[in-house]
Trainee: 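Pasting in a structure now, in structure tokens, and then I'll have a few things to ask.
The figures here come from the full heavy-atom set of this structure, side chains too, leaving out hydrogens, waters and symmetry mates.
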Amino acid sequence: MLSVMAKKTNDDVLAPVTLAVGQEDLLLDRAVQEVVAAARAADADTDVRDLSSDQLQPGTLAELTSPSLFAERKVVVVRNAQDLSADTIKELKGYFGSPAEEITLVLLHAGGAKGKGLLDAARKAGAREVACPKMTKPADRLAFVRGEFRAQGRAATPEACQSLVDAIGSDLRELASAVSQLTADVEGTIDEAVVGRYYTGRAEASSFTVADRAVEGRAAEALEALRWSLATGVAPVLITSALAQGVRAIGKLSSARGGRPADLARELGMPPWKIDRVRQQMRGWTPDAVAIALRAVAEADAGVKGGGDDPEYALEKAVVTIARAARSRGRA
């Protein structure tokens with residue numbers, strides 16, 4: 001399901017070539033999913049090949065698009081197409097003029113000057129294009145949330161949409177997940193009170209407090225906040241979402257180059273105040289610890305969404321694992 005924020009030219013989803021242009025990961029993934037779904041609706045046995053730019057070497061395209069004995073439909077996805085080699089780009093330009101039947105080529109391109117010749121050639125050849133721009137403005141994220149509710153066929157008040165953006169922030173995946181959760185759980189129009197009940201409650205018992213205490217290595221306080229959150233009706237899926245955001249923020253910031261909070265905020269899509277807070281929280285974290293914590297969140301998410309018999313235990317286990325990971329260097 002493409003968001004209204006992903007603008008399209010050429011409505012044929014199974015056009016020979018689709019360009020997904022931009023740096024918003026969720027929209028890029030949805031552009032791919034839309035093509036794959038359409039191809040498999042036409043042919044359930046569609047073969048999907050998902051390649052990084054370094055996997056598409058000169059000659060690879062010809063192999064992938066050569067006629068098959070079984071005349072099978074195929075979708076070939078190429079990520080980070082702006083990084084393709086000059087020889088591979090030359091092959092692609094030639095392919096645009098004579099695309100193979102039953103083949104849909106999907107090129108994910110960041111946009112910008114790098115690899116612009118490839119974009120220009122594909123556009124000139126009439127490629128279908130899906131715009132997937134990074135949403136840096138609050139107004140864009142608000143429009144995205146409204147579009148998500150409309151796509152689900154549900155009504156949400158303007159105040160509810162704004163409250164959701166305020167509570168979740170700039171992560172589109174988390175915003176989309178929150179909309180899905182609300183539409184699944186709540187009947188009728190979704191208003192500000194509903195969003196508040198799910199995402200705030202008592203401030204000290206919010207899902208984000210649980211996450212903050214966990215990534216700071218304060219296991220006892222995190223568990224206390226977790227139990228209070230569950231007791232006051234905070235949805236478990238929102239707690240796993242907050243834990244995921246907390247761990248990912250540490251991973252992003254730890255791999256970023258040093259700089260002013262304002263510069264890092266633009267680079268990482270976080271508000272400057274959050275950069276300062278995450279810097280304090282990330283002391284003691286190692287790359288291995290981040291990986292362990294992310295696995296713990298994934299396991300908890302599966303437990304919460306039906307993969308386990310006891311969602312509360314799944315959350316407690318994740319909180320303890322994350323807190324231990326945060327103390328991996330013996331932080332006091």
Side-chain angles (χ1 to χ4, degrees), residues 25 167-178 180-181 198-256 264-265 268-271 273-332:
D25 289 342
I168 299 297
S170 62
D171 190 320
L172 252 60
R173 290 188 190 279
E174 302 297 343
L175 285 168
S177 176
S180 295
Q181 183 66 33
Y198 267 71
Y199 287 89
T200 53
R202 288 180 56 173
E204 66 269 29
S206 73
S207 55
F208 293 102
T209 300
V210 178
D212 286 343
R213 299 297 83 80
V215 300
E216 290 162 4
R218 296 154 66 178
E221 293 176 44
L223 287 171
E224 182 181 356
L226 170 64
R227 289 160 187 157
W228 185 258
S229 294
L230 294 173
T232 54
V234 176
V237 70
L238 302 183
I239 299 174
T240 57
S241 175
L243 290 170
Q245 287 187 61
V247 176
R248 286 177 191 152
I250 287 170
K252 285 181 180 180
L253 191 56
S254 63
S255 62
L264 287 169
L268 301 178
M270 298 180 192
W273 63 264
K274 189 170 183 180
I275 296 290
D276 290 332
R277 188 178 71 185
V278 175
R279 270 180 167 166
Q280 295 174 356
Q281 292 174 333
M282 64 187 281
R283 295 169 188 158
W285 282 89
T286 66
D288 287 344
V290 172
I292 290 169
L294 287 173
R295 284 196 297 272
V297 172
E299 291 173 3
D301 192 56
V304 163
K305 293 178 178 176
D309 297 329
D310 191 342
E312 184 173 347
Y313 172 75
L315 286 168
E316 288 182 358
K317 182 180 177 183
V319 164
V320 170
T321 301
I322 292 168
R324 286 176 177 167
R327 300 174 65 87
S328 59
R329 286 184 184 167
R331 185 172 62 183

Trainee: With a 4.5 Å cut-off on side-chain heavy atoms, are Arg173 and Asp25 touching?
Mentor: yes
Trainee: Rounded to the nearest 0.5 Å, what separation is found between the CD atom of Glu216 and the CD1 atom of Ile250?
Mentor: 8.5 Å
Trainee: Using side chain to side chain donor-acceptor pair (under 3.5 Å) as the criterion, list what pairs up with Glu224, not counting sequence neighbours.
Mentor: none
Trainee: Any idea which heavy atoms bring Arg218 and Ala323 closest together, and the distance?
Mentor: N-CB, 4.5 Å
Trainee: Compare every heavy atom of Ala300 with every heavy atom of Ala318, then report the nearest pair and how far apart it is.
Mentor: CB-CB, 3.6 Å
Trainee: Which residues pass the side chain to side chain contact (heavy atoms under 4.5 Å, CB included) test with Ser241, not counting sequence neighbours?
Mentor: Glu174, Gln245
Trainee: Considering non-hydrogen atoms only, spot the tightest contact between Val278 and Ala249 and give its length.
Mentor: CG1-O, 3.8 Å
Trainee: Quick one: OG1 on Thr286 to CD1 on Ile292, what's the gap to the nearest 0.5 Å?
Mentor: 7.0 Å
Trainee: So, taking the atom named CG in Leu243 and the one named CZ in Arg248, what distance separates them when rounded to the nearest 0.5 Å?
Mentor: 10.5 Å
Trainee: Which heavy atom of Gly251 sits nearest to which heavy atom of Val290, and what is that distance?
Mentor: CA-CG1, 4.2 Å
Trainee: With rounding to the nearest 0.5 angstrom, report the CD to CG distance, Glu221 to Asp212.
Mentor: 11.0 Å
Trainee: For residues Val304 and Pro311, report the shortest heavy-atom separation together with the two atoms involved.
Mentor: CA-CB, 4.1 Å
Trainee: For Trp285 and Val215, indicate whether the former's side chain and the latter's backbone hold a donor-acceptor pair under 3.5 Å.
Mentor: yes
Trainee: Would you name the heavy atoms of Ser207 and Ala242 that are closest together and state the gap between them?
Mentor: O-CB, 3.5 Å
Trainee: To the nearest 0.5 Å, how far apart are CG in Leu223 and CD in Glu316?
Mentor: 6.0 Å
Trainee: Could you check whether Glu312 pairs with Arg227 (Lys NZ or Arg NE/NH1/NH2 to Asp/Glu carboxylate O, under 4.0 Å)?
Mentor: no
Trainee: Hey, what do you get for CG (Asp301) to CD1 (Ile239), rounding to the nearest 0.5 Å?
Mentor: 12.0 Å
